[in-house]
Amino acid sequence: MTFSAPVEAVARPLPPTDRIRLGVLASGRGTNLQSLLDAAASGQMPGEVVAVASNRPDAPAIERARRAGVPASVFARADYPSRAAQEEAIVGFLGERGVELVVLAGYVPVLGATLLGAFDNRIINIHPSLLPAFGNTLHAQADALRHGVKIAGCTVHFVNNQVDGGPIILQRAVPVLEGDTEESLSERILAEEHRALPEAVRLIADGRVLIEGNRTRILPAS
Ligand code: GRF
């Protein structure tokens, strides 16, 4: 009897491009959004942020977008009869701006079928832990410290219907130091987040990321 490994379908999220159009969703201070705005402005990332959406009217991320001249809109859950209706409005806004890739940069709500369906394989998220450790929490850094891990870090991954469970694109590690507090560890991880997110976008724009089941394959640079 012979056994063969199941053949996974391979998907490439987008054709290679030298100007990927990003839509960023953010709920908070927006330093990861800023890293994308800066990487685009300096030419380190082949693309531009063309739309920013938030669920929170008071998110500093909105102000960062406006300062950079990027259209920004608030879609508060309370203003819509359902999560699907809220997401439909977001999808409309992103669609009008020609968004190709959606980046969750500190966006707190869990995505529903409307957004996931509209941008299948084209939504990425940054999480401040080395997934699958410390997923599905807003306190990943504190949990890592409490657990006593010696290495922490961040993960950029595709978003699917498993919270923090989609295919991993890249991870960056940092040491946990004696005497670290939640603040000091978070700051060390955040510095890596600001490198990881534009780097993941660059890999996707260059067409180097293939999705195979729940894994990605990163092609060598050509
Ligand atoms: C980051 O730590 C990110 O990993 C997590 O939320 C935080 C957002 O920070 N998902 P900021 O709003 O980008 O400064």
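Remember, it's 1-based here, ligands and their atoms both numbered in the order they're listed.
The aromatic rings of Phe93 and Phe75 sit tilted, their planes meeting at an angle between 30° and 60°.
Across Gln141 and Pro128, no two heavy atoms sit closer than the pair NE2-CB, 3.4 Å.
You'll find the ring centres of Phe134 and His147 inside the 6.0 Å limit.
Using a 4.0 Å cut-off between charged nitrogen and carboxylate oxygen, Glu100 and Arg21 do not count as a salt-bridge pair.
Side-chain contact of Gln86 with Arg77: a donor-acceptor pair under 3.5 Å is absent, judged by distance alone.
Under 4.0 Å from any atom of ligand 1, one finds heavy atoms of residues Arg29, Gly30, Thr31, Asn32, Gly106, Ile126, His127, Pro128, Glu193.
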Steps toward side-chain contact (heavy atoms from CB on, under 4.5 Å) verdict (His194, Asn32): CA-CA 6 Å; His194 295 161; Asn32 278 291; 3.4 Å; yes
